Amino acid sequence: MRFAFVEEHQTKLPVNRLYQIMDVSPRGYRAWRYRPASQRGSVVLLAYIRTQFHLSLGSYGRLG
């Protein structure tokens, strides 16, 4: 999520300042940015699962 914030706001603030604010390294950001899209898909899936968990009042995916 930190890297996505940097990506979203890089036109409004200097990128180096965003790195400081979000406590990320330029190298980490570049690694995130150029990763294959399939790895980012897991973030979308996780967001969906969390949404379903909250909508089900905490019972989605719970054992027992």
Side-chain angles (χ1 to χ4, degrees):
M1 299 304 273
R2 292 185 211 182
F3 297 126
F5 183 88
V6 172
E7 175 103 355
E8 184 177 333
H9 293 89
Q10 66 183 343
T11 59
K12 299 171 187 150
L13 291 170
V15 177
N16 288 333
R17 181 68 181 131
L18 287 167
Y19 294 153
Q20 291 174 342
I21 292 169
M22 298 308 293
D23 194 29
V24 298
S25 69
R27 184 176 179 180
Y29 173 73
R30 284 191 305 273
W32 172 83
R33 187 153 164 46
Y34 296 107
R35 255 185 224 139
S38 63
Q39 291 183 7
R40 288 190 194 169
S42 63
V43 173
V44 174
L45 179 60
L46 181 58
Y48 175 78
I49 291 170
R50 286 184 177 159
T51 300
Q52 294 305 312
F53 179 77
H54 290 293
L55 290 174
S56 68
L57 302 175
S59 64
Y60 178 82
R62 179 189 253 177
L63 297 176

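Everything numeric in this text was worked out from a predicted model, so none of it was measured.
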Student: Quick check for you: to the nearest 0.5 Å, what is the distance between Tyr29 atom OH and Arg2 atom CZ?
Tutor: 15.0 Å
Student: Return the CD1 to NE2 distance between Ile49 and His54, rounded to the nearest 0.5 Å.
Tutor: 12.0 Å
Student: What distance separates Glu7 CD from Phe3 CZ, expressed to the nearest 0.5 Å?
Tutor: 11.5 Å
Student: Show which side-chain atoms of residues 10-18 pair as donor or acceptor with protein atoms under 3.5 Å away, not counting sequence neighbours.
Tutor:
from	atom 1	to	atom 2	distance (Å)
Arg17	NH1	Gln20	OE1	3.1

